[in-house]
Each structure stands twice: as structure tokens, then as C-alpha cells.
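Have a look at the structure below before the remarks.
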2 protein chains.
Amino acid sequence: MLTVTPVNEDTAPRLRLAIARIARQLRQNVDAPSDLSTTLVSALATIDRAGPLTLGELAAAERVQPPSMTRIVTKLEGRGLVSRSIDRDDRRVARVEITADGRRLLQRSRTQKTALLAQRLRTFTPEERAVLEAALPLLERLAEERR
Amino acid sequence: MLTVTPVNEDTAPRLRLAIARIARQLRQNVDAPSDLSTTLVSALATIDRAGPLTLGELAAAERVQPPSMTRIVTKLEGRGLVSRSIDRDDRRVARVEITADGRRLLQRSRTQKTALLAQRLRTFTPEERAVLEAALPLLERLAEERR
DNA sequence: TATTGTTATACTCTATAACTATA
DNA sequence: TATAGTTATAGAGTATAACAATA
């Protein structure tokens, strides 16, 4: 017997709405630690995660045009959160790397965001938390980038 | 015996990251239907959901300053997506309401976003979908606004 | 006077086009 | 010539301050 397994037609819209709202709250409540905009924090996090990157690679990763990334990096550099260095073999290329200060700032930002969510999770029963934890790997699969 | 029920220390950060990423993808892939920016779509959705609202209420709901909301509403009105009307009893007050065109545009936008998510859900096994659906009410609780 | 909304002005983020330096 | 990055310029979104209309 062939079993067709349709997606419950309610699931996708409800999931979409819930995710959009949670993300918005996280953003509104705790973005811009030390006055850093979302843009700057996001770029900084990418530099941290993906290691030294050229400006072009960084622009692609952040889905921003190169001139925008020039400005972003200039600001981050001005605050001492990243350092820029010129490639010795090809002097057109600039590489960007996070500094210790940059890493500390990211750490603070993450802690704040996580705290908000953790606080809400504390209002859940152990059973509820177990359900959420079971779904977590699936949410992580949904989150995987694939374009 | 007292049972302390600590939140698994990994859950909050993983959930935060997964949600932020899914939300970002949904935004990047399908926001701005008919060239409308996220800002405009968000305001329009609030007007739709919460019915006729004054500019001030709307500004508060969207967490924007009144002058910003004046501009947003002016743009939406220019496109025929909302209509504005002056309160008869207190003529300082302006109320904003969604139009049929506005409702149609929102509908299209939601359909697109849901489609992307539904497509990904189709790659899940029935068991996996069941796990996700079980977690959905909990995510919805997390999404509830409480400030 | 107090309140609702608007106009004036400035700053951030982003883009495209034109440019510079290097290959 | 082609490529990596920058500078010039413009548009959207937002904010604060000052203002107008109404209560």
C-alpha cells in the first residue's frame, strides 16, 4: 500500500509566524550590544566564524555589495573589533580578522540573547522542554543554508 | 524529594541560532513582494491583524517613532494599500485601515513564505514532522509578545 | 496647556556607477 | 585588460526636535 505523507497544511504557516515573531523579539530586545548595529554584529560574527576573509568573500557571505562591506569593515576597524591586512602576494587583496575585543563583544551579545530565551524556557515543564529539544535538530536542519 | 529541572544548557543558544537563521532566510528569499520593503509589509500586516488603528497605536505596535509611522502610512496610502480617516469626535486623530488591495498583497506574501517552508518540510519523514508539530505549540508560546 | 500628528533635519545602511591600484 | 577594493552619490528607513492643529 502506498502511503502518501502530506505535510499538515497548518504546520508551515504556523511555524513561519512563530519563527518570525521570536526572531523579531530577539532582535528588538537585545541587538546592538555596545551600540553596534545588527549589520555590524552580523558581519563580526561571520568574520569570527569563518576566520580571516577577504572583503569580497565577506561581502558575498553577508549578501551585501562590496562598497557596503568596505564601510562595515571600516567601522569595525575603527572600534578595534577587527584588523585588516594586505595580502603580500597580491596587494589588491585585503583580509579581515577578528580581534580579542571583537570576540569579547560577540560573546557578550550572545549571552544576552541566550539569556532571554533561556528565561522563557524556564517557564516550560520538563516534558515540554523535552519536546522542544527533540525538535531542535529538525529546526537546525531547516536552518541550514542552501541556495 | 525536590526535583530541580534545569534547562539543558545547550538548548537556548541552539534554538536562538536556528530561529535567527530560518527567519533570515525567509526574509531574504521572499520579503518585499511587489517591491514592498519589510517595514511596509510589517506595518501592513499589523494594520490587517489589529484592525483600524490610530497612527500612534500603530507606531507603538511597530515600535517606531510617530514621525516614522507617518511616512510609512503615507507610502502605503500612496499605493492604495491602506486608507486613512479622521476621527469625527477628535479631529487630531487619524485612523488607518487596510484596503482590499492591501489584503490581497499580504495574502500573496504569506503564500510565498509558507511555500518555501512547506517545501523544506516535505523533505522530512512523517515521524520527523510529527516531532516538529508537537513542538509547534511551544514555539508559539515562545512567540507570544510579553513586554 | 496637553495631545496627535506632521515637517525639518540628520544619521545609518544600502545600492549602482565611476575610479584607483594592482595583477 | 581584468580584478579587488574604494570613493562618489543617491535612496530608504529611522530618530530627535520643532511645529501645527485640535482638545
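Each chain gets a letter, A, B and so on, in the order the sequences are listed, and its residues count up from 1. Just so you know, these numbers use all the heavy atoms, side chains as well, and skip hydrogens, waters and symmetry mates.
With sequence neighbours excluded, no residue satisfies side chain to side chain donor-acceptor pair (under 3.5 Å) with B/S85.
Of the residues near DNA chain C, A/I72 and B/P67, the one whose nearest nucleotide (by heavy atom distance) lies more toward the 5' end is B/P67. Along DNA chain C, the nucleotide nearest to A/K75 and the one nearest to B/D90 differ in position, and the one closer to the 5' end is contacted by B/D90.
For B/R141 and A/E128, the salt-bridge test passes: some basic side-chain N is under 4.0 Å from an acidic carboxylate O.
In this structure, B/R63 atom CZ and D/dG13 atom C1' are separated by 18 Å, rounded to whole Å. Rounded to a whole Å, the CD atom of A/E62 is 15 Å from the P atom of D/dG5. Across the protein-nucleic acid pair, A/R71 atom CZ and D/dA4 atom P stand 20 Å apart, rounded to whole Å. As rounded to whole Å, 18 Å separates atom P of D/dG11 from atom CD of A/Q65. Rounded to whole angstrom, the span from the CG atom of A/L55 across to the P atom of D/dT7 amounts to 11 Å. Distance B/L76 CG to D/dG13 C1': 13 Å, rounded to the nearest Å.
Counting only heavy atoms from C-beta outward, the side chains of A/E97 and A/V82 never approach each other to under 4.5 Å. Two residues are said to be in side-chain contact when any heavy atoms from C-beta on lie closer than 4.5 Å; B/R95 and B/R84 fail this criterion. Counting only heavy atoms from C-beta outward, the side chains of B/L15 and A/L117 approach each other to under 4.5 Å. Within the 4.5 Å cutoff, the side chain of B/R103 has heavy atoms near those of the B/D48 side chain. The shortest side-chain heavy-atom distance between B/L142 and A/L132 falls under the 4.5 Å cut-off.
Side chains of B/S42 and B/E62: a donor on one and an acceptor on the other come within 3.5 Å.
Across all strands shown, B/R84 has heavy atoms under 4.0 Å from sugar-phosphate atoms exclusively, and none from any base. Looking at heavy-atom distances under 4.0 Å, B/T70 makes contact with a base. Looking at heavy-atom distances under 4.0 Å, B/D87 makes no contact with the nucleic acid at all.
Screening A/L53, A/L44, A/L40, A/L58 for a side chain to side chain contact (heavy atoms under 4.5 Å, CB included) with A/V73, the sole residue that qualifies is A/L58.
In this model, the phosphate group of D/dG13 is not approached by any side-chain N or O of B/S68 to a distance below 4.0 Å at OP1 or OP2. Under 4.0 angstrom from either OP1 or OP2 of D/dA23 there lies no side-chain N or O belonging to B/R92.
Close approach of DNA chain C to chain A, defined as any atom under 4.0 Å from a non-hydrogen atom of the protein, starts and stops at C/dT12 to C/dA23.
Note on the helix from C/dT1-D/dA23 to C/dA23-D/dT1: terminal axis deviation equals 20°, with five pairs used at each end and the result rounded to 10°.
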